[in-house]
2 protein chains.
Amino acid sequence: MAKSDAQTPRERYRTQVRAEIKEHAWEQIATAGASALSLNAIAKRMGMSGPALYRYYAGRDELITELIRDAYRSLADRLHSAFAEGADLAVLAHTLRAWALEDPQRYLLIYGTPVPGYHAPDDITRISSETMATLLDACAKLPPDSPATPFDAHLADHRDWADGHPAPPAVLHRALRFWTRLHGVLSLELAGHFTGMGFDPALLFAAELDDLLAH
Amino acid sequence: MAKSDAQTPRERYRTQVRAEIKEHAWEQIATAGASALSLNAIAKRMGMSGPALYRYYAGRDELITELIRDAYRSLADRLHSAFAEGADLAVLAHTLRAWALEDPQRYLLIYGTPVPGYHAPDDITRISSETMATLLDACAKLPPDSPATPFDAHLADHRDWADGHPAPPAVLHRALRFWTRLHGVLSLELAGHFTGMGFDPALLFAAELDDLLAH
DNA sequence: GGGCTGCGTGATAACTTCTAACGGAACTTT
DNA sequence: AAAGTTCCGTTAGAAGTTATCACGCAGCCC
């Protein structure tokens, strides 16, 4: 707290403007999607003209990367704090869904269609693995009841992604199941593929969650 | 076969050029993503200059809509013909995965992040429900073994999306499970979220399929 | 208070989609 | 076969976009 608090007025202003830019960017993404994000439009809404934004972000890519980083950070924090407060897998699942519905485009920015050329910086994948770690912790708390599958054996030999987590292969498998199944329901719901089908997406989500927990 | 074959030379040429445009568009989408689709670039690659494309497509949106339609059509045909040749749910699932891996961006164009403002024309949703119909047919062939869930009861009252299909609620539920779970694994794989994790996505897909069939 | 740092501006370049007006080629009709 | 019509591809241009540059001025630091 010695240096980081001692921001010069210029640094204060800079971080504040950067935050304001991101705020407008999120607003724009929520209404028109990430691909329609326009630096010009953001600048005009903030009262400045065009190239001024380049003082704060090197370009569109850097801004989007920062938004992706923030999204990962937000999700990781939300899940981690929920788990720290004693949430089990069911509560974590609903926490995830609530976070996703809060801002669908934010979820889709992380888990939606990627830009083919784009590669996330290392620190982003590190945040992502934080989320995976809490998921693994939560899965490890459940009693082991599922019989070993061939895929479990495969995971025993390919567990680098667990990043040193001591969970047995069955738990790794359970975590992957949670991730992929919840994402399956959630992403289709957020993409609007359930609209007009008549049923309640929340109930389908709950049904999948029941299946996962009953396993 | 009286009139539809009797294309005037101009109609022939027109449909051929439209097809060629789409071909270049797919190529471009596969390498740079749908958001980077440039009419100008397509025109230049075809040896014509810019605005000539507007003779064939009213604009970027119409071209993309047609690509989406083709993608839905391709998937519906692939699954339908597989089912007609006797494929069961397991084969259908692998047919889906093979189709998706053939051109990941084509799958993501359908099931990936949607443009917030965009609404698909009616004929596209009709093609989509064709796919759902074959999935329901395949699910109906399996012996009913799963106990009724609360969500089944909900589906009994919200089955408009089945479009008159006579399958019982448990089968509807099974179809939704197939759809969401396979999409969950597949979309994460195609989006590259498994790269660097070490395990084989094909085995995870197979494990999920086993789970679905063992239910 | 003087001097350096850095912010915001307008001008430019190279893109994009998309409209409009024109010339010419190809097909249709007489 | 010749005239007429339709439709294609062109160039020119408007309104956007991202991004770079040089300039002026304000604010911060010493």
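Values below: all heavy atoms of this structure, side chains included; hydrogens, waters and symmetry mates excluded. In what follows, chains carry the letters A, B, and so on, assigned in the order in which the sequence lines appear, proteins first and then strands, with residues in each chain numbered from 1. Bear in mind that the values here come from a model prediction, so they are computed numbers and not experimental data.
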Query raised in the report: Within the structure shown, what part of the strands sits under 4.0 Å from B:Y57 by heavy-atom distance: base, sugar-phosphate, or nothing?
Result: nothing
Query raised in the report: Which part of the nucleic acid, if any, lies within contact of A:L37, taking any heavy atom under 4.0 Å across all strands shown: a base, the sugar-phosphate backbone alone, or nothing?
Result: sugar-phosphate
Report summary line: Here the distance between atom C1' of C:dT5 and atom CD of A:E11, to the nearest Å, is 12 Å
Query raised in the report: Rounding to a whole Å, what distance do you find between A:K44:NZ and C:dT9:C1'?
Result: 14 Å
Query raised in the report: For the pair made of CD in A:Q16 and P in C:dC7, what is the distance, rounded to whole Å?
Result: 13 Å
Requested in this report: Anything under 30° is parallel, anything over 60° is perpendicular, the rest tilted; go ahead and classify A:H183 against A:Y107.
Outcome: parallel
Requested in this report: Walking along DNA chain D from 5' to 3', note the first and the last nucleotide with an atom under 4.0 Å from a heavy atom of chain A, and give both.
Outcome: D:dT17 to D:dC29
Query raised in the report: Is the closest side-chain heavy-atom distance between B:L135 and B:L79 below 4.5 Å?
Result: no
Query - Atom-to-atom span, CD1 of B:I64 to P of C:dT17 - whole angstrom - result: 10 Å
Query raised in the report: Using a cut-off of less than 4.0 Å, is there contact between a side-chain N or O of B:S38 and OP1 or OP2 of C:dC15?
Result: no
Query raised in the report: Which whole-number value in Å describes the distance from A:R12 CZ to C:dG6 P?
Result: 18 Å
Query - Beyond-backbone contact of B:L108 with A:P114, side-chain heavy atoms, under 4.5 angstrom - result: yes
Query - Atom pair OG1 (A:T125) and OH (A:Y72), whose distance is rounded to the nearest 0.5 Å - result: 9.0 Å
Scan nucleotides 26-30 of chain C against the protein and return all N/O pairs shorter than 3.5 Å with their distances rounded to 0.1 Å.
residue	atom	partner	partner atom	Å
C:dA26	N3	B:R10	NH2	3.2

Query raised in the report: Any side-chain heavy atom of A:F199 within less than 4.5 Å of one from B:L176?
Result: yes
**Report entry** Step-by-step side-chain contact (heavy atoms from CB on, under 4.5 Å) determination, B:R73 to B:E130
**Finding:** CA-CA 9 Å; B:R73 180 81 275 154; B:E130 275 181 47; 2.5 Å; yes
Report summary line: Of B:A52 and A:A41, the one whose nearest nucleotide on DNA chain D sits closer to the 5' end is B:A52
Report task. Establish whether the base of C:dG6 is bridged to the side chain of A:R14 by a donor-acceptor pair shorter than 3.5 Å. Result -> no
**Report entry** Pairwise 5' ranking along DNA chain C for B:P51 and A:M48, keeping only the more 5' one
**Finding:** A:M48
Report summary line: Here the distance between atom P of C:dC15 and atom CZ of B:R60, to the nearest Å, is 18 Å
Query raised in the report: How far does OH of B:Y56 sit from CZ of B:R18, to the nearest 0.5 angstrom?
Result: 10.0 Å
Query raised in the report: When the distance from CD1 of A:I21 to C1' of C:dC7 is rounded to whole Å, what number comes out?
Result: 12 Å
Query - Any A:W26 side-chain heavy atom under 4.5 Å of A:L37 side chain - result: no
Query raised in the report: Expressed in angstrom and rounded to an integer, what is the separation of B:D61 atom CG from C:dT16 atom C1'?
Result: 14 Å
**Report entry** DNA chain D: 5'-proximal contact among A:R55 and A:L39 (nearest heavy atom)
**Finding:** A:L39
Requested in this report: Output all residues satisfying ring pair (Phe, Tyr, Trp, His ring centres under 6.0 Å) with B:H193, sequence neighbours left out; order by chain, then residue number.
Outcome: A:Y111
Requested in this report: Start with the C-alpha gap between A:K141 and A:D137, add the side-chain angles, then the distance that decides, and say whether salt bridge (Lys or Arg N to Asp or Glu O under 4.0 Å) holds.
Outcome: CA-CA 7 Å; A:K141 276 196 173 178; A:D137 285 340; over 6 Å; no
